[in-house]
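Position 1 is the first residue of the sequence, and the numbers go up from there.
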Amino acid sequence: MNMQRLSQRIWDIAGGVSIRTKILGIVLGFIILLGFGVTIQARYALTATMNAQLEEQSGSAARDLAARSTDPILLNDLLGLHDLLKETTANNPNIRYAFIVDNRGQIIAHTFEGGFPLDLLASNLANRHDHHHTALIQTDEGLVWDTAVPILDGKVGTARIGLSDASVRKAVSTLTVQLVLTIVLVSITGVLVAVFLTWVLTRPIISLAHATQAVAKGNFSPRVPRWANDESGDLAEA
């Protein structure tokens, strides 16, 4: 019963507006619905693809850092380790931080300027037999793909790299803005087309309505011109 009342209510609302309003509503509704669906799907697909790329980049950069930091750690070359970390972060703008811990879990080099956040140590732990271990960490600046790679099976230490998802959020935001602008432009075009279409369709109908109103009052003199060679033209001629 409720569905019948709802259907009747919707039909009453749709039937209470002009044909022009119906056509404009259908065109705009279809464009907005299609645009909304495409935007959601595009955002989801882009986010999933770029997150997968970030995870892969995080693992690759961490493995490279672990391989290149072996000799400086064995030689106790702390300056060389700091230079290596700076070079690593400079070559990849997505890297939010990088640091190296020794086999006792002590920080021996890092890229944090305001001091190392100790809570970060326990957020991603790799066993010495792991090739690498990646964890997704929630921070105040967004999500970070953190990858830990044991150095010489953990005998020397562990290299850690965190990649920020800022590039993902920026790309998704840019895509969303572009899609919204496209939807707006398509909506404007659709409205113009719908206005022209409703003018073509309703002009002969309005003439027919005026003629029938005159006939209902007993005035049989009005004549309706044939606008086109279609069904509305046949009706006007009849």
Peer 1: Roughly how far apart are I151 CD1 and T158 OG1, rounded to 0.5 Å?
Peer 2: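 Answer for the CD1-OG1 pair, I151 versus T158, is 6.5 Å.
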Peer 1: Got a sec, which residues hit side chain to side chain donor-acceptor pair (under 3.5 Å) with T147, two or more places apart in sequence or on another chain?
Peer 2: S58, T134
Peer 1: With heavy-atom distances below 4.5 Å as the criterion, would you say the side chains of V172 and T174 are in contact?
Peer 2: no
Peer 1: Is there a path of hydrophobic side-chain contacts, each under 4.5 Å between heavy atoms of I, L, V, M, F, W or Y residues, that connects L192 with V184?
Peer 2: yes
Peer 1: Identify every side-chain donor-acceptor pair in residues 71-87 under 3.5 Å, counting partners at least two apart or on other chains, and give the distances.
Peer 2:
unit_1 : atom_1 : unit_2 : atom_2 : d
D77    : OD1    : G80    : N      : 3.0
E87    : OE1    : R68    : NH2    : 3.1
E87    : OE2    : R68    : NH2    : 3.1

Peer 1: With sequence neighbours left out, write down each residue that passes side chain to side chain contact (heavy atoms under 4.5 Å, CB included) with E113, or none if nothing qualifies.
Peer 2: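 With neighbours one apart ignored, the set is empty.
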Peer 1: Search all heavy atoms of I137 against all heavy atoms of S123 and return the closest pair with its distance.
Peer 2: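 Answer, listing the atom of I137 first, then S123: CD1-OG, 3.3 Å.
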Peer 1: Output the rest of the hydrophobic cluster of F30: all Ile, Leu, Val, Met, Phe, Trp and Tyr residues reachable through side-chain heavy-atom contacts under 4.5 Å, sorted by chain and number.
Peer 2: L34, V38
Peer 1: Tell me which pairs pass salt bridge (charged side-chain N to carboxylate O under 4.0 Å, His left out) where either residue lies in residues 163-179, with sequence neighbours left out.
Peer 2: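 Residue pairs with at least one partner in residues 163-179: D165-R169.
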Peer 1: May I have all residue pairs that pass salt bridge (charged side-chain N to carboxylate O under 4.0 Å, His left out) and include part of residues 35-56, sequence neighbours excluded?
Peer 2: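 Listed once each, the pairs would be none.
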Peer 1: Measuring from atom CG of L28 to atom CG of L33, what distance do you get when rounded to the nearest 0.5 angstrom?
Peer 2: 12.0 Å
Peer 1: Nearest 0.5 Å please: distance from the CG atom of L143 over to the CG atom of L136.
Peer 2: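 So the gap between those two atoms works out to 5.0 Å.
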Peer 1: Got a sec, which hydrophobics cluster with I26, joining ILVMFWY side chains under 4.5 Å apart, including via others?
Peer 2: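 None; I26 is a cluster of one.
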Peer 1: What do you reckon, is CG of D119 surrounded by more than 12 foreign heavy atoms closer than 6.0 Å?
Peer 2: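 No, the 6.0 Å shell around CG holds no more than 12 heavy atoms from other groups.
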Peer 1: The test is side-chain contact (heavy atoms from CB on, under 4.5 Å); show your working for R96 and L163 and say whether it passes.
Peer 2: CA-CA 5 Å; R96 177 62 183 85; L163 263 69; over 6 Å; no
Peer 1: Quick one: salt bridge (charged side-chain N to carboxylate O under 4.0 Å, His left out) pairs with a partner in residues 153-164, sequence neighbours left out?
Peer 2: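 Counting only pairs at least two positions apart or across chains, the salt bridge (charged side-chain N to carboxylate O under 4.0 Å, His left out) contacts touching residues 153-164 are D146-R160.
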Peer 1: For the NE2 atom of H132 and the CZ atom of R63, what is their distance to the nearest 0.5 Å?
Peer 2: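 Here the rounded value is 5.5 Å.
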Peer 1: Taking L54 as the starting point, is it possible to reach L65 by hopping between hydrophobic residues whose side chains are less than 4.5 Å apart?
Peer 2: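 They do share one cluster, since a chain of ILVMFWY contacts under 4.5 Å joins L65 to L54.
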Peer 1: Keeping the roles fixed (side chain from T111, backbone from Y97), state whether a donor-acceptor pair exists under 3.5 Å.
Peer 2: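 Answer holds: no.
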Peer 1: List in chain and number order the residues that pass side chain to side chain contact (heavy atoms under 4.5 Å, CB included) with A45, two or more places apart in sequence or in another chain; answer none if no residue qualifies.
Peer 2: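 Once residues adjacent in sequence are excluded, A45 has no partner under the side chain to side chain contact (heavy atoms under 4.5 Å, CB included) criterion.
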Peer 1: If two hydrophobic side chains count as joined below 4.5 Å and joins carry through other members, does V156 share a cluster with I108?
Peer 2: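 Both belong to a single hydrophobic cluster.
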Peer 1: Looking only at non-hydrogen atoms, find the nearest pair between A66 and V149 and report the distance.
Peer 2: CB-CG1, 3.6 Å
Peer 1: Please say whether more than 12 non-hydrogen atoms of neighbouring residues, nucleotides or ligands are located less than 6.0 Å from CD in Q138.
Peer 2: yes
Peer 1: Please name all residues satisfying side chain to side chain contact (heavy atoms under 4.5 Å, CB included) with F116, sequence neighbours left out, ordered by chain then number.
Peer 2: F99, I107, H110, F112, L118, L120, L121
Peer 1: Is a side-chain N or O of N51 found less than 3.5 angstrom from the main chain of T47, in a donor-acceptor match?
Peer 2: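 Yes: the side chain of N51 pairs with the backbone of T47.
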Peer 1: Apply side chain to side chain contact (heavy atoms under 4.5 Å, CB included) to L179 and list each qualifying residue two or more places apart in sequence or on a separate chain.
Peer 2: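 Checked L179 against side chain to side chain contact (heavy atoms under 4.5 Å, CB included); matches are T39, A42, L175.
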Peer 1: Mind checking the CD1-CG spacing from I161 to N94? Nearest 0.5 Å is all I need.
Peer 2: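 Between I161 CD1 and N94 CG, I get 11.5 Å after rounding to 0.5 Å.
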Peer 1: Which heavy atom of T89 sits nearest to which heavy atom of A98, and what is that distance?
Peer 2: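 Result for this residue pair: CG2-CB, 4.3 Å.
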Peer 1: Nearest 0.5 Å please: distance from the CD atom of Q53 over to the OG atom of S60.
Peer 2: 12.5 Å
Peer 1: Please report the shortest heavy-atom distance between G105 and V101, naming the atom on each side.
Peer 2: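 Looks like C-CB, 4.2 Å.
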Peer 1: Apply the hydrophobic cluster definition, ILVMFWY joined by side-chain contacts under 4.5 Å directly or through others, and give me every member besides V193.
Peer 2: none
Peer 1: Are I95 and W145 joined in one hydrophobic group, where the rule is that I, L, V, M, F, W and Y side chains link up if heavy atoms are under 4.5 Å apart?
Peer 2: yes
